[in-house]
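Comments concern the structure below.
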Amino acid sequence: QQSKMGELPLDINIQEPRWDQSTFLGRARHFFTVTDPRNLLLSGAQLEASRNIVQNYRAGVVTPGLTEDQLWRAKYVYDSAFHPDTGEKVVLIGRMSAQVPMNMTITGCMLTFYRKTPTVVFWQWVNQSFNAVVNYSNRSGDAPITVGQLGTAYVSATTGAVATALGLKSLTKHLPPLVGRFVPFAAVAAANCINIPLMRQRELQVGIPVTDEEGQRLGHSVAAAKQGIFQVVISRICMAIPAMAIPPVIMDTLEKKDFLKRRPWLGAPLQVGLVGFCLVFATPLCCALFPQRSSLHVSRLEPELRARVREQNPSIEVVYYNKGL
């Protein structure tokens, strides 16, 4: 593999993740690297250096003395900060590496301040604003989303989350206090079901590109878009479960103990820490639930597209598409 100069060969495929994406473990390792919060601490110069290494390598120029591990490290740093389709630098809070610290703070506050209506409204609004930035930053480059569509999705998701939170909050008045702690989770789940399909409504109207095994485009499919969006909604809701279900139970127990009764100010930081601990694992593991390159059986495509595929490539049984994040 190595050339005589001891330089890196040019046949390493850095377009694809480093680990086998057909296995759950490979996908998990990939997303642990992508969502690593330490990437946020890198300076602009370090990001630029990684970008140069990656772009040079793709152009066939190997930086002298580069090792394979350094090349992969540069690829993951580059992917953590730049948009794959446009190549522009993603705003800090929209990056995958910001998911854990941002979600940890917002979720921790949603779970801590769930008793009063104004704070419920405020934190649900903050959460949906953050979601809008993330969904926009990680959009699929093929289907540009208009400002109008962005606004509709944002307003609808925020309204949906706040309405769910306040509606459930009034219902739980007569139930045990622990039940009230789960209201923020229900609101977040409801908002995800509204926010993601609306953010990606263009894909539901015109479909997303489906390809054969080699990546040759076969056409656009709305069926594939529906399946992809459904998978993303499921993985986002699963992502929220550990962080929003485990800390409330622990906090409910702790708040009855003298230790926290004497130090009520410790509640919020403790809650945020617990949420963070859950998210560090839940975020990459739930991103890995479904392959990024998902597949769909030809028989489940729209009739016209199915007929076209069967006519042109009778041997194809399965088509592939990028489900988004």
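All values reported here derive from a predicted model rather than from experimental measurement. Scope of the values below: all heavy atoms of this structure, side chains included, with no hydrogens, waters or symmetry mates.
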Q. Are Ile246 and Val188 joined in one hydrophobic group, where the rule is that I, L, V, M, F, W and Y side chains link up if heavy atoms are under 4.5 Å apart?
A.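 In one cluster with Ile246: Val188, no.
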
Do you know which two heavy atoms are closest between [X] and [Y], and how far apart they sit?
X	Y	answer
Val280	Phe32	O-CE2, 3.6 Å
Pro242	Pro247	O-CD, 3.3 Å
Trp125	Thr158	CD1-CG2, 3.8 Å
Ala223	Leu301	CB-CA, 4.5 Å
Ser129	Tyr154	OG-OH, 2.8 Å
Ile241	Phe185	CG1-CZ, 3.4 Å

Residues in side-chain hydrogen bond (donor to acceptor under 3.5 Å, both in side chains) with [X], at least two apart?
X	answer
Asp69	Arg18
Arg38	Asp36
Gln124	none
Gln201	none

Could you check whether any side-chain N or O of [X] sits under 3.5 Å from a backbone N or O of [Y], counting only pairs where one atom can act as donor and the other as acceptor?
X	Y	result
Thr172	Leu175	no
Gln70	Ile53	no
Asp20	Ser22	yes
Arg306	Ser299	yes
Thr33	Arg29	yes
Ser170	Gly167	yes
Gln46	Ser43	yes
Gln271	Leu111	yes
Asp252	Pro248	no
Lys261	Lys256	yes

**Q.** Side-chain donor-acceptor pair present, Ser294, Tyr320, cut-off under 3.5 Å
**A.**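 Result is no, nothing qualifies.
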
Q: Would you kindly say whether Gln216 and Asp212 are connected by a side-chain donor-acceptor distance under 3.5 Å?
A: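 Gln216 vs Asp212: no donor-acceptor pair found between side chains.
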
Report the distance from atom [atom1] of [X] to atom [atom2] of [Y], rounding to the nearest 0.5 Å.
X	Y	atom1	atom2	answer
Ser50	Asp79	OG	CG	10.0 Å
Ile196	Glu203	CD1	CD	11.5 Å
Leu66	Tyr57	CG	OH	8.5 Å
Thr164	Lys169	OG1	NZ	14.0 Å
Ile93	Met102	CD1	CE	4.5 Å
Asn52	Leu47	CG	CG	11.0 Å

Q. Would you find more than 12 non-hydrogen atoms of other residues, nucleotides or ligands less than 6.0 Å from Phe182 atom CZ?
A.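 Correct, the count exceeds 12.
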
Q.
Tell me whether Phe230 at atom CZ has more than 12 heavy atoms from other residues, nucleotides or ligands lying less than 6.0 Å away.
A.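 For Phe230, atom CZ is not crowded (no more than 12 foreign heavy atoms under 6.0 Å).
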
Q. Under 4.0 Å between a Lys/Arg side-chain N and an Asp/Glu carboxylate O for Glu311 and Arg308?
A.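 No salt bridge links Glu311 with Arg308.
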
Q: Decide, yes or no, whether a salt bridge links Glu213 with Arg293 under the criterion of side-chain N to carboxylate O below 4.0 Å.
A: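 Arg293 and Glu213: not salt-bridged.
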
Q: Look at the rings of Trp123 and Phe113 and say which category their plane angle falls in: under 30° parallel, 30 to 60° tilted, over 60° perpendicular.
A: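 Parallel.
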
Q | side-chain contact (heavy atoms from CB on, under 4.5 Å) involving Ala163 - partner list, sequence neighbours excluded | A |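 In terms of side-chain contact (heavy atoms from CB on, under 4.5 Å), with neighbours along the sequence ignored, Ala163 is linked to no residue.
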
Q) Heavy atoms, side chains only, cut-off 4.5 Å: are Leu266 and Phe259 in contact? A)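 A side-chain contact exists here, since the closest heavy-atom pair is under 4.5 Å.
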
Q: In sequence, state the C-alpha distance, the side-chain angles, and the governing distance for Glu16 and Gln21, and then conclude on side-chain contact (heavy atoms from CB on, under 4.5 Å).
A: CA-CA 9 Å; Glu16 296 291 318; Gln21 295 297 288; 5.5 Å; no

Q) Can you check side-chain contact (heavy atoms from CB on, under 4.5 Å) on Cys193 and Ile237, steps first, answer last? A) CA-CA 9 Å; Cys193 298; Ile237 291 175; 3.9 Å; yes

Q: Show your reasoning for whether side-chain contact (heavy atoms from CB on, under 4.5 Å) applies to Leu218 and Asn313.
A: CA-CA 9 Å; Leu218 303 167; Asn313 322 59; 4.2 Å; yes

Q.
Is there a side-chain contact (heavy atoms from CB on, under 4.5 Å) between Val298 and Ile316? Walk through the geometry before answering.
A. CA-CA 7 Å; Val298 171; Ile316 292 185; 3.9 Å; yes

Q: Taking ring pair (Phe, Tyr, Trp, His ring centres under 6.0 Å) as the test, write out the residues that go with Trp72, two or more places apart.
A: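 With neighbours one apart ignored, the set is empty.
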
